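Okay, so here's the structure we're looking at.
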Protein chains: 2
Amino acid sequence: MSERKASGDSGRATIRHVAERAGVSVASVSRVLSGNYPVSEELRRRVMKVVRDLDYVTNAHARSLAGGGTPTVAILINNITGAAFTHVAKGVEGAASLRGWLSLVGTTGDDPERELALVNLMRQQGVAAVILLGGAYDYEEYQLRMARFARSLDAAGSHLVLVGRPPLEGDVPATTVDYDNEGGAYAMASHLLSAGHRRVLILPGHAELTTAQGRLTGARRAFEAYGVPFDPKMVLHGPYDYEHGYDAVEESLRLGLDFTAVLAGTDVVAAGAMQALRAAGLRVPEDVSIVGYDDIPLASQLTPQLTTVHVPYEEMGRVALRAVADRREGGGSRRKSGDGDHLVLGTHVVVRQSVQPPPVP
Amino acid sequence: MSERKASGDSGRATIRHVAERAGVSVASVSRVLSGNYPVSEELRRRVMKVVRDLDYVTNAHARSLAGGGTPTVAILINNITGAAFTHVAKGVEGAASLRGWLSLVGTTGDDPERELALVNLMRQQGVAAVILLGGAYDYEEYQLRMARFARSLDAAGSHLVLVGRPPLEGDVPATTVDYDNEGGAYAMASHLLSAGHRRVLILPGHAELTTAQGRLTGARRAFEAYGVPFDPKMVLHGPYDYEHGYDAVEESLRLGLDFTAVLAGTDVVAAGAMQALRAAGLRVPEDVSIVGYDDIPLASQLTPQLTTVHVPYEEMGRVALRAVADRREGGGSRRKSGDGDHLVLGTHVVVRQSVQPPPVP
DNA sequence: CTGAGGCTCGGAAACGTTTCAGAAAGCGTC
DNA sequence: GACGCTTTCTGAAACGTTTCCGAGCCTCAG
């Protein structure tokens, strides 16, 4: 805010300038602009004219300080470039702007320190809620860390919402919005098994990631349900990216692992796997079937189109925002403040073209 | 901000609470926390202890009002889900957080009204700059609209930065950061032509979009340079999405258009085109070559890997933020304030596997 | 004609910081 | 021993709004 009082006006116009120039009180200008109180048509016209002339805009900070202010939610995402959770952000933003709320997006880059810094920053901003997106590593530490965040935000009159993460244990003031991760994996694996596959390569994701653990558990349950022995050697952990999918399949092929299908933890991983298969001269789905998870646009753009699990990401964003709004509206008539909600949305398998019964040997 | 003075504390702790409890003045607490002034070790310890005990955080709005405050930039993007420009956002955010700046992201959804509302909202917030991402439709109106934005923000002590958009005409206080769009298209088309292609289907994008116009112009210049007649019937306009790529190729095939290569306006369009080609039983690149533009991750994940034009999106974001920071630091010693900069970054062709000489008939 | 009751509007007190102008205290110097 | 200078801290004035409280005016009934 460098000062430059040189030429005439200097700085931006304040409500006082408007008041003076219109020959009315500051209070009246505020009344006209906020529209919270009745004003005579004459006054309104006079003020609005000056407002337009001076190109005046209300200072949001001053307004927030004085009581008014637009409710704002902060969305914290680990990587704005990663496909899946940007859809959640989109959902939140859409729902927010529908209510006239403002939403900010911050990127943590999977760095705990940056995450902490951002949460604190948002707390300073006095946001209505901080919405954290994406799976969590290290369950124990996750619980501790989130509990701290939740209490800290709660004390500041804000609220913590966790999307795509497991619920918090104990009496922690936070809301979690998740999807039926394990159920989706169960259904997806069942789809593969019912097509006749018995030897399937599983790429659930990073071993420490709660999402990956859930997907693996779901798959294992399906194997049990079908009475198919589960071979831990067929499980390869790794990050949710294209390279991992590619490398894992390449490596498996090199080791001579015997499989007729790939159960990928993510559509992007599936894309990498598909590429590796093809590079090795194998056809999808004739020689090897392959399925993904998430149902991002990429899934229907691959050749063959990918059979995958649909996750209602955008809807999750909308639900998250509604939870915040409800809580805020609810105010005192809310049930005992301090306890959180845990909302779970359903998933379902989207059958496309990447699965076929295994080839007869 | 519902009041709940019931149990003890009530609301969040203010600097006054800290001051009283530590037995010092409000000013001293502020000094300790901001670190702008020297303080005795004793005082610092005493204050910090209370700060921790009360879990106090400064109110960002009050701070901004009083003069301090974290510089903030607003990133406005039309679709957070679209791949290319999220990388710009990432670049801005990275550079911003490196300086301790804050960045917000807003989504316009290509809606002019929403764009206007967001710009005004950001102006209220007193952001250091508003960074608008993505190509523009309707050049004339674009110039008018942006000039208005620029002047409005400038008057409010903020600054407008346009990324991936053409420079503004006249003396408008804005900075534009662009890439050599036409040059990239020229190089890409040349690559195709030098491989021997003569009949190429061009999918530059939406006819009104400045980006698309530049890409088409670049391609046309290459045709001229190679002395190859340019056939307007081989140009199909449409949005930058997968469906357009698919539909355009399908339609062309159905009309019996004769071509040996596709010059897509975007990697995503190329992906759609590739799929349509394959659905028609044509092989890429043996029967038809295909190239994209943008070099998003998808490009190297397609089969075959896509030859495309690399655009330094993330770098553009960093450059945009640096421009804002420079201008702010520069302050008065800057050359005549009011005129803007226009920065252009280079592009280059990334050769991968999707181009081959045309088949001999 | 007078007094009660509505409408509008203005004055001024918040809101929670930062920072300027001084005051108190400690120290060296003449 | 007094004066002036640092050093460290405090009181109070901004910053730009919103909103409570009350004053003036008009209308209408008695």
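Note that the coordinates shown come from a computational prediction; the quantities given were computed from them, not determined experimentally. Just so we're on the same page: letters track the sequence lines, and every chain starts at 1.
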Atom-to-atom span, [atom1] of [X] to [atom2] of [N] - whole angstrom:
X       : N      : atom1 : atom2 : value
A/Leu43 : D/dC25 : CG    : C1'   : 15 Å
B/Arg46 : D/dT8  : CZ    : P     : 15 Å
A/Glu41 : C/dC9  : CD    : P     : 11 Å
B/Arg44 : D/dC9  : CZ    : P     : 10 Å

May I have the list of side-chain donor-acceptor pairs in residues 28-37 of chain A shorter than 3.5 Å, sequence neighbours left out?
| residue | atom | partner | partner atom | Å |
| --- | --- | --- | --- | --- |
| A/Ser28 | OG | A/Ser25 | OG | 3.1 |
| A/Ser34 | OG | A/Ser30 | O | 3.1 |
| A/Ser34 | OG | A/Asn36 | N | 3.3 |

I'd like to know if [X] and [Y] make a salt bridge, using a cut-off of under 4.0 Å between side-chain N and carboxylate O.
X        : Y        : result
A/Arg46  : A/Glu42  : yes
A/Arg322 : A/Asp326 : no
A/Glu315 : A/Arg318 : yes

* For each nucleotide in nucleotides 11-19 of chain C, reading 5' to 3', give B when a protein heavy atom comes within less than 4.0 Å of its base, S when such contact involves only the sugar-phosphate, and - otherwise. => B---BBBBB
* Asked: Is the phosphate of D/dT7, meaning OP1 or OP2, less than 4.0 Å from a side-chain N or O of B/Ser40?
  -> no
* To do: Sequence neighbours left out, what pairs pass ring pair (Phe, Tyr, Trp, His ring centres under 6.0 Å) with at least one residue falling in residues 47-70 of chain B?
  => A/His61-B/His61
* Which residue, B/Thr72, B/Val92, B/Val73, forms the side-chain contact (heavy atoms from CB on, under 4.5 Å) with B/Trp101? -> B/Val73
